[in-house]
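Structure in structure tokens, see below.
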Amino acid sequence: MDPGTLLARITDYASRPDPYPLYAELRAAGSVVPQEDGSLLVGGYHEVAALLHDPRLSADPRTRGLETAKPPFLRLDDPEHHRLRTLAMRPFGPPHTPHRVDGMRAEIDRITAELLEPFEAGGRFDLVDDFAYPLPVTVICRLLGVPREDEPLFRAWSDTLVASADVRPDAGQAPREEAEKARADMGGYLVGLAEQRRDQPTGDLLSAFVNEPDPGQRLTREELAETAVLLLIAGHETTVNLITNGVLTLLRHPEELDRLRRTPGLLPRAIEELLRYEPPVHMRERIPLADLTVAGTTLPKGSSVFLALASGNRDPRRFTDPDRFDPARPDNQHLGFGTGIHLCYGAPLARIEAHSALSALLPRLATAQLAEDPPPYRQNAMLRGPRHLPLTL
């Protein structure tokens, strides 16, 4: 087939259950493959990794002059990105707050156990709706310091925001308008909650943001709202897909599932392999700030460059037998959380949540079967994962 149609074929919903043959076609076609729509597709591990570290590629959609609203720091460039990410990280992780996320392990285990109680009754269980979806929302609420009675508000806002990322191309403006309202309502709520804790800290993340002692290290109201919402959305989608793709992969590889049940100490390495083999994020878009040449192909200034992380993770130039799921794989420097300055902000939390979830699920999966294979997938090709994963017990 025409390599110039690869992006269209990869993002076609019909390819969602198994895009990997198309990624193999991409790598065979070259390091950089121009597409019919003028974009460029990059699928080799070394090329993707190098471009994610290249400051001449921008993550900011405003570089095209088509948008004026300031995006969250996930889609900003340095130095603006570095400033906001650093301020957000001060109360979230090392070096300033090294124990906040790690200190949540016991709480995450408790939330996991509560959500899995219905699993014991047998019957039918949707892993997404009943477990993988509510787990990260609940964890983020506890991390931010949202009162438990208000957690249903976050579930509703999260539902709307996640659905907007999953709309069909012909769905119109309504879902996006609903998402903007949900984003604004959530941001307003979080700022209001944070203000209640100014000078009255309660030990949570919102308290830490508003009670930062150094005025030069404080987020503005707008930055606080955007950062808190970003924590929910970015961390939520990544974790849902990591857990759901992980369970689907283990049920498709019963011999490896049995191996992990017998050797649970392998689980941390297995999670890294799941991030390589079935990553939660498949592509990232970048925009060249000047004409660049990569492997003899020009990336024109202002063009759309799609970096296929999932393709790089299956590149035989980097990984031995890359299409084999190997929970004990050595030297697994995958692209599951990206790399470079935009390395996933919430990766440590996602790993802890995945470990808690899979540790609790492993003994239960011995009696579980997939009700559908392949399961129904989300529309979104960039954040690829099942919309439902029905299991029978």
Side-chain angles (χ1 to χ4, degrees), residues 1-12 15-16 18-67 74-79 81 275-324 329 331-344 381-384:
M1 290 190 180
D2 179 5
T5 64
L6 271 166
L7 181 61
R9 285 185 279 141
I10 290 168
T11 55
D12 185 339
S15 302
R16 207 69 74 249
D18 186 13
Y20 294 101
L22 294 173
Y23 291 136
E25 186 180 335
L26 165 61
R27 293 189 301 270
S31 299
V32 181
V33 182
Q35 299 297 289
E36 285 183 342
D37 64 359
S39 64
L40 299 106
L41 197 50
V42 184
Y45 176 93
H46 300 289
E47 292 78 14
V48 169
L51 288 170
L52 284 171
H53 283 271
D54 195 325
R56 297 172 297 175
L57 265 73
S58 172
D60 191 337
R62 296 173 300 172
T63 57
R64 289 203 189 94
L66 301 178
E67 298 183 38
L74 183 71
R75 302 181 68 196
L76 291 175
D77 301 328
D78 284 346
H81 161 267
L275 285 161
R276 183 199 70 83
Y277 185 79
E278 281 280 18
V281 180
H282 270 229
M283 288 191 198
R284 289 188 176 174
E285 183 181 5
R286 292 291 184 265
I287 304 157
L289 297 172
D291 288 354
L292 305 179
T293 300
V294 176
T297 301
T298 298
L299 312 182
K301 176 182 178 181
S303 61
S304 287
V305 178
F306 290 94
L307 306 176
L309 282 67
S311 174
N313 279 346
R314 299 279 189 111
D315 189 344
R317 295 183 302 161
R318 175 61 183 82
F319 298 101
T320 302
D321 199 3
D323 292 319
R324 182 169 70 90
R329 182 180 294 275
D331 186 27
N332 197 353
Q333 196 172 354
H334 56 75
L335 300 170
F337 284 129
T339 186
I341 65 168
H342 288 284
L343 179 70
C344 180
M382 305 281 188
L383 299 167
R384 176 181 168 271

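Predicted model only: the values in this text are computed from it and were never measured.
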Could you state the interatomic distance from OG1 (T5) to CG (D37), rounded to the nearest 0.5 Å?
->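 Answer for the OG1-CG pair, T5 versus D37, is 10.5 Å.
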
Y23 ring center within less than 6.0 Å of H282 ring center |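 Yes, ring centres under 6.0 Å apart.
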
V32 and P34 have their tightest heavy-atom pair at O-CD, 3.7 Å

Rounded to the nearest 0.5 Å, what separation is found between the CG atom of L307 and the CG atom of L52?
-> 5.0 Å

Only one of E47, R27, R286 forms a side-chain contact (heavy atoms from CB on, under 4.5 Å) with V42, so which one is it?
->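 That would be E47.
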
Between M283 and R384, is any pair of side-chain heavy atoms under 4.5 Å apart?
-> no

Which distance, rounded to the nearest 0.5 Å, do you find between the CG of D331 and the CZ of R329?
->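 The CZ atom of R329 is 9.5 Å from CG of D331, to the nearest 0.5 Å.
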
Name all residues meeting the side-chain hydrogen bond (donor to acceptor under 3.5 Å, both in side chains) criterion together with N332; count only those two or more places apart in sequence or in a different chain, and write none if there are none.
->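 Partners of N332 by the side-chain hydrogen bond (donor to acceptor under 3.5 Å, both in side chains) criterion, ordered by chain and then number, come out as E273.
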
Rounded to the nearest 0.5 angstrom, the CD1-CG distance for I287 and L57 is 9.0 Å

Answer whether the closest heavy-atom distance between the side chains of L76 and R62 falls below 4.5 Å.
->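 Yes; the side chains approach each other to less than 4.5 Å.
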
Roughly how far, to the nearest 0.5 Å, is OG of S311 from OH of Y45?
-> 12.5 Å

side-chain hydrogen bond (donor to acceptor under 3.5 Å, both in side chains) involving D2 - partner list, sequence neighbours excluded =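 For D2, no residue satisfies side-chain hydrogen bond (donor to acceptor under 3.5 Å, both in side chains) once neighbours in sequence are set aside.
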
Could you tell me whether the side chain of P3 reaches within less than 4.5 Å of the side chain of V33, counting heavy atoms only?
-> yes

Between Q35 and L6, is there a donor-acceptor pair closer than 3.5 Å when you use the side chain of the first and the backbone of the second?
->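 Yes: the side chain of Q35 pairs with the backbone of L6.
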
Is any side-chain heavy atom of D77 closer than 4.5 Å to a side-chain heavy atom of P55?
->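 Not in contact.
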
Side-chain donor or acceptor of R276 paired with backbone N/O of A310 under 3.5 Å |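 Answer holds: no.
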
Side chains of E285 and P61 in contact at under 4.5 Å (non-hydrogen atoms) | no

Answer whether the closest heavy-atom distance between the side chains of V294 and V305 falls below 4.5 Å.
->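 No - every pair of side-chain heavy atoms lies 4.5 Å or more apart.
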
About how many Å separate SG of C344 and CG of L335, when rounded to the nearest 0.5 Å?
-> 13.0 Å

Cation over ring, R284 on F306, under 6.0 Å and within 45°?
->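 Verdict for F306: no cation-pi partner in R284.
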
